[in-house]
Amino acid sequence: MKDMIRAIRACKTAAEERAVIRKESAAIRAAINENDQDYRHRNLAKLMFIHMLGYPTHFGQMECLKLIASAGFPEKRIGYLGLMLLLDERQEVLMLVTNSLKQDLNHSNQYIVGLALCALGNICSAEMARDLAPEVERLLQFRDPNIRKKAALCSIRIIKKVPDLAENFINPAAALLKEKHHGVLITGIQLCTDLCKVSPEALEYFRKKCTEGLVRTLKDIINSPYAPEYDIAGITDPFLHIRLLKLLRMLGQGDADASDTMNDVLAQVATKAESNKNAGNAILYECVETIMSIEDNGGLRVLAINILGRFLSNRDNNIRYVALNMLMKAITVDAQAVQRHRATILECVKDSDASIRKRALELVYLLVNESNVKPLTKELIEYLEVSDQEFKGELTAKVCSIVEKFSPEKIWYIDQMLKVLIEAGNFVKDEVWHALIVAISNASDLHGYTVRALYRSFQTSAEQETLVRVAVWCVGEYGDMLVNNVGVLDIEDPTTVTESDAVDVVEIAIQRHALDLTTKAMALIALLKLSSRFPSCSGRIKDIIVQYKGSFVLELQQRSLEFNSIIEKHQNIRSALVERMPVLDEATFSGRRAGSLLTTVSTSSRASHNLPNGVAKPSAAPLVDLLDLSDDAPAPSSSDGNFLHDLLGVDLAPASAQSGTNQASKAGTDVLLDLLSIGSTTPVQSNSSTPDMLSSGLDNQKQIATLDALSSPLPSAPANSSVGASSMMDLLDGFASSPSKREDNGSVHPSIVAFESSNLRVTFNFSKPPGNPQMTLIQATFINLSSDAFTDFVFQAAVPKFLQLHLDPASSNTLPASGNGSVMQSLRVTNSQHGKKSLVMRIRIAYKLNNKDMLEEGQINNFPRDL
Amino acid sequence: MLLSCRWFSIEYWYLDSNQQRIWSFPVSKIVAIVHSGSTNCKKKIHFVLLISRQGKVRLTKWYSPYSQKERTKVIRELSGVILSRGPKLCNFVEWRGYKVVYKRYASLYFCMCIDQDDNELEVLEIIHHYVEILDRYFGSVCELDLIFNFHKAYYILDELLIAGELQESSKKTVARLIAAQDSLVESAKEQASSISNIIAQATK
C-alpha cells in the first residue's frame, strides 16, 4: 500500500502517474478475479487512493460489499469506508448492501453498529431509508451514547429522504433533548431542527413541549463552569450553543409565546459571549440571526443591530463578511438602522477581497432609495474608474440597474449612463443601452444636449464599444442638432462642430477593426441618415459607404449596396426614407424587454438589429433573392420577418416541407392556413393528440383531400402527412377535446418546488382527471430568479419505464428576469404502477442567459406519494 | 409520441414539447451541477475537501450526491479559486450559489461547502476542531501523515461528521473512539497471525 503511494508520488509527469495507476489497477482487477481473500482489504485501500486521484474504480464496488459481508471488524471497517467513498446513493449496487446493513445494525459489537450507522447516514437512498428506519429508531435508545448520537444523525438523513417517516421520530427525538452527553444533545437538537423543517406537527409539538427545556439547557451551558473537554477559547461547547440557538429560532419564528420565553436567554447570550475569538463571534452571529427571525422585541433588535455594527468595524475580514451578510437580512426588519452604516458598507465595496466586495455591493443595491440614489451612484461610478477588471462587470450591471430604477429625472439618468458608458462601456449589457436609446428618443428637449455630450465623450473614450454605438445612433438621428447647437442648456460649454466633424465620428467608428458587426452596421445607417441631413457631405459619405460594397460580411455588403443605390438613384425619396425615427414607445419597450431581448431589438429600432437573421444564414437562398430584389426597388434592407415570409413563403413552403424539419413544416402549415384563409394565427400546436386524430382515418383522408383541392395553386401540395395532420388538428381544434380545456376536478395535491437553482425555480401543481387514477396532470411553472431574462427556454423531462410522459408546449420560450412573470407548461404523466411506485422524473432545462447557453439538470424525487 | 427511458443505464432519453425531438446523451456530458433535486437538503455540509498547495487532492468526502465527473469538475474549479486567493482575505468564497469555507494549515487547504444561509464562522470552527483532532492523533500532523494514512483521516472525519452534520464536540471522545477501534483492528491482526503461526507450526 505504502509502496504504491510512494511510487505514485515519485512520478514526475502525469503520463508516468497514469502508467503506474494502470499497472496497479490491472493488478487489483486480477486479484479480484482470483477472488483473493487475504489482500482484499489492502486492494480496496489502494483503490480508494486511486479513486481520490480521480481515476475510475467502479470495478472495486463489489469488493466493498464482500468486505462488509465478512465477519471481522477490520474488514468491515475498510469495507464501509470504501462503500462511502466509491459509491453514492444513486447506484443500484447500493441496494445489495441493505441486508448486510440490517445485520450490522443488530450486531452485538457496538463499533460495528457504529460503522453501519455511519455508512447509512452518509449514503442511504430513499428505499434504504424506508427499509432500515425501524432499526435506526430502535438505536436511538441504545445504551451507549455514541451509538445514540450516530442514530440521531442517521434519522436526519432518513427523514430528509422520506419525510413521511418523520412522525415516528418525534417522540424519541424529544427524549434526546433531555440528555446530558453533549454529543447526543447536539445531534438530538439537530434532529429536532430537521424534524421541524419537514413536519409542521413536529414543530408544534416541540414548541409546546420543549421550548422551556431548551431555554434552560442554554442557560445552563452559558453559566457552566470551565469544562476542559468542551472548552474552545473560554467558551463551553460553542457548537452546542449554536445548535440550541438554531432550534430556538425555528421554534420562535411566528410564535409570540415561544419568542417571549427565549427573550431573556438571548439577551444573556448577546451580552455575555466573548467577541475577540472566532468561536464567540460564531455564537453572536447565530444569536443575532435568531433575534432577527423570532417575533419582534424592540430592545433585542437594537442590541442585535449594534452587534452587527461592531462586526462591521472589525478588522477581521471574516467578521466583516458575515456582518454584511447579516445586514442583508436585517434590512427587511429595520432598514433605518442599516442605513446608518451606509458609509462603512460603501467602503466595503472597495475592499481588496472579492467575497466582501460582492456582499457589500449586493447590500448597497438593497440600500438604494429615492433619497440617497444620487450620492450613492456618484460614489459607485467614481469607484468604477479604479476597480479591477473582473469586478467591473458586476459593478456596472448593478449601477445601471440602480440608475434605471431610481433616477429622479431624465437628464440625470442620461448623465449617469454616459458616465458608465465612458468608464465601462464594454461591460454594459445590450438591453441597458437599448433602454438608454429609448429614453433618449423620448426626451425630445434633451436631444441636442445628449448628442453633444456623446460627441465629446466619443473623443475621449472611443474604445468603449457601447458608447460608440449609442453615439453613432444619436449622431445619425440628431446630427443636425449637434451642428446647429439646438437646445443648448445653461450647464453646457459651447462647442462648435462642423458637419464633417460629425461624419468623422461615424467614419472612425466604422473603420475601427476592433468594433463588431453591430456597430458597423449601425454606423452605415447613421451615414445614410447624415447624407440626407448634410447634403454637403453627401459625396464623402457615399465614398465611405461604397468601401463596404465588397465586404465579406453579407449584412454590411447588403447595406452598402442598397444605401449606395438610395443615394445615387433615389434622391427624391431619400429624405423621406431617412426621416428621424419616430419616438420609441417606452411602455412597449419595457414590456418587451421583460420578454425577449431579440424581438425587442428588431422591432423597436428596426434600423440595425435584424442582424442575427442575416448573419446566421448567409448562404440562404431567400436572402440572395431579396438582394436582387432590392437593387431595383429601394426597400429598406431590414424588412421584417413577415415581409420575407409573405414574399417567399409561397415558394418556400413545399420545398421545406419536404426537407422535413420541424420549423419548416410549421411554416408550411401556416402558409396553408393563410391560403385557406382560416384566419387561425396561433402557431401549430404540438401534435400531442395526433393519435386520437389519426384514429378517425377516413375523416382525415377526406380533410387532406379537401386541402389538396383548396390549395391547387401550389403545384406540390403537401403530401407530407404530418403537415396535413397537424394543420387538420388546428382545423378541428374547436371540436376535439383539447388538452387545455380539461376540467380539474380530481383530487387535490399540494404543489411542490420541483427544482431550484440559483437562476431558476420550477414549481409543479398537480391535478388528477376524474376516472383515471393512473394519470396525473402537472402544471409546471418556471420562474427566473436571476436578474436577466432567459431566451430560448426549453424544458425537457425524462421518466423511468413504468411512467409515460406527454409534454404540451410551453406558454413562451422567454422568461422575464427576477420573477417578473413566468412560463407555464403542462405535463401529463401516466403511472402504470400507480399505488406501488411514486413518480420520479429527471429534468433538463436549457436556456440562454446573456446569449450564453445554460443547461441545468436535476432529479425530482419529492413528488407527493400517491400520484 | 411516447417515450421510453432506461432509467439506470448510461443513456437518458429526453423529450421536449415537440415530442418528435427525442434524443439521448450520455450522462458523462452533464454540464451543470444542480442541487440534488429535493429542496429540503438545507443546512448541512455538502462536501469536505483537502487540497494541497499544489492543487493535489488529499481527501474528499461528499455528503450530497455528485457524479464522478461532477466531482472532478468541482475540485478543479474550487482549487483554482481558493489557491489563488491571497493570505489576508476572508475565508469564504461564494461559488455556484453555495459558500465554501476554507482554511489553510501549513501546506494544506481544508475546505467545506455549505449553503448560503449557514453559519460560516461555525464551519470555520469545525475545520479547526478536525485539525486539532488530527493533530492529537498523529502527534503534530503533517501532509505526509495524511497521504500515507489517508484512511485514518477518513475514520476520524467519520467520527466527527455524519451526513454533513456535526456529531461530536469533544475531541477527547473522538480520540477515544478511534483508539478503541484501532485496538480492535490490532487484536484481530494479532489473532490472525497467531492462528497462522499455529497452522504453520502444525504443518511443520
Side-chain angles (χ1 to χ4, degrees), chain A residues 2 5 45 52 54 72-74 81 88-90 92 111 118 121-122 149 153 156-157 160 182-183 186-187 190 198 229-230 237 239 242 278-279 281-282 285-286 317-318 321-322 353 355-356 662 686 753 756-758 794 796 798-800 804 807 809-810 844 855-862, chain B residues 2-5 7-8 12-21 30-32 34-35 37-41 57 60 62-63 65 72 89-94 96-97 119-122 124-125 147-148 150-151 154-155 158 162-163 165-170 172-173 177 180-181 184-185 188-189:
Chain A
K2 295 213 162 133
I5 297 177
M52 200 156 61
F73 178 78
L81 184 59
D88 70 42
E89 62 183 89
R90 290 177 297 198
E92 233 175 18
Y111 292 107
C118 184
N122 283 344
K149 75 186 184 198
L153 292 183
I156 294 180
R157 173 99 181 186
K160 274 181 183 171
H182 279 216
I186 282 183
T187 53
Q190 267 171 185
V198 296
E229 192 171 349
Y230 298 106
D237 207 341
F239 302 115
I242 288 169
N278 182 51
N281 284 326
Y285 178 48
E286 199 67 46
N317 279 333
N318 290 342
Y321 177 89
V322 297
D353 187 330
S355 297
I356 291 185
N662 192 25
S686 80
V753 176
E756 184 157 25
S757 74
S758 51
V794 180
Q796 296 156 17
V799 290
Q804 287 189 323
L807 283 128
R844 199 161 92 115
L855 185 66
E856 303 209 49
E857 308 200 21
Q859 183 164 333
I860 308 171
N861 298 321
N862 54 344
Chain B
L2 297 171
L3 99 167
S4 63
C5 166
W7 187 241
F8 284 108
Y12 286 89
W13 294 82
Y14 279 89
L15 175 63
D16 69 5
S17 60
N18 290 326
Q19 314 306 332
Q20 296 110 315
R21 285 206 291 170
I30 287 177
V31 186
V34 291
H35 215 272
S38 80
T39 48
N40 40 23
C41 299
V57 182
T60 56
W62 308 86
Y63 296 108
T72 336
L89 306 181
C90 73
N91 297 74
F92 319 124
V93 177
E94 287 173 37
R96 293 191 190 177
N119 189 334
E120 304 89 349
L121 297 178
E122 191 211 358
L124 214 50
E125 209 55 54
I147 294 172
F148 286 102
F150 70 94
H151 52 293
Y154 278 111
Y155 292 143
D158 282 341
I162 286 181
E165 312 269 9
L166 184 76
Q167 63 161 316
E168 183 56 69
S169 57
S170 154
K172 223 161 120 189
T173 311
L177 288 171
Q181 294 180 58
L184 261 181
V185 174
K189 256 190 205 161

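First the proteins, then the strands, lettered A, B, ... as listed; each starts at 1.
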Region of B:Phe150 in contact with chain A, defined by heavy-atom distances below 4.5 Å: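 Just its side chain gets close to chain A.
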Per-residue contact mode, B:Thr72 against chain A (heavy atom under 4.5 angstrom): neither
Derivation and outcome, side chain to side chain donor-acceptor pair (under 3.5 Å), residues A:Tyr285 and B:Glu120: CA-CA 9 Å; A:Tyr285 178 48; B:Glu120 304 89 349; 3.0 Å; yes
Most contacts with chain B, counted as non-hydrogen pairs under 4.5 angstrom, among A:Gly54, A:Ala279, A:Ala45, A:Ser355: A:Ser355
Selection from A:Phe239, A:Tyr111, A:Tyr230 maximising heavy-atom pairs under 4.5 Å formed with chain B: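 Looking at each option in turn, the highest pair count goes to A:Phe239.
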Candidate pair A:Lys149 and B:Thr173, rule side chain to side chain contact (heavy atoms under 4.5 Å, CB included), full reasoning: CA-CA 12 Å; A:Lys149 75 186 184 198; B:Thr173 311; 4.2 Å; yes
Most chain A-contacting option - heavy-atom pairs closer than 4.5 Å, from [options]:
options: B:Lys189, B:Gln181, B:His151; result: B:Gln181
options: B:Leu89, B:Thr60, B:Val185; result: B:Leu89
options: B:Asn91, B:Val57, B:Val93; result: B:Asn91
options: B:Ile147, B:Leu177, B:Leu166; result: B:Leu166

Test side chain to side chain contact (heavy atoms under 4.5 Å, CB included) applied to B:Lys172 - qualifying residues, sequence neighbours left out: A:Glu229, B:Ser170
Partner residues of B:Asp158 under the side chain to side chain contact (heavy atoms under 4.5 Å, CB included) criterion, sequence neighbours left out: A:Leu81, A:Met84, A:Cys118, A:Asn122, B:Lys61
Pairwise distance CG(A:Asp237) to CD1(A:Ile186) - rounded to 0.5 angstrom: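 Interatomic distance, A:Asp237 CG to A:Ile186 CD1, rounded to 0.5 Å: 4.5 Å.
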Residue A:Asn278 versus chain B: region with a heavy atom under 4.5 Å: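 Answer is both: backbone and side chain atoms of A:Asn278 are under 4.5 Å from chain B.
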A:Leu855 vs A:Arg844, side chain to side chain contact (heavy atoms under 4.5 Å, CB included): CA-CA, chis, key distance, verdict: CA-CA 7 Å; A:Leu855 185 66; A:Arg844 199 161 92 115; 3.8 Å; yes
CA sep, side-chain torsions, deciding dist, call: B:Glu94, A:Tyr321, side chain to side chain contact (heavy atoms under 4.5 Å, CB included): CA-CA 11 Å; B:Glu94 287 173 37; A:Tyr321 177 89; 2.6 Å; yes
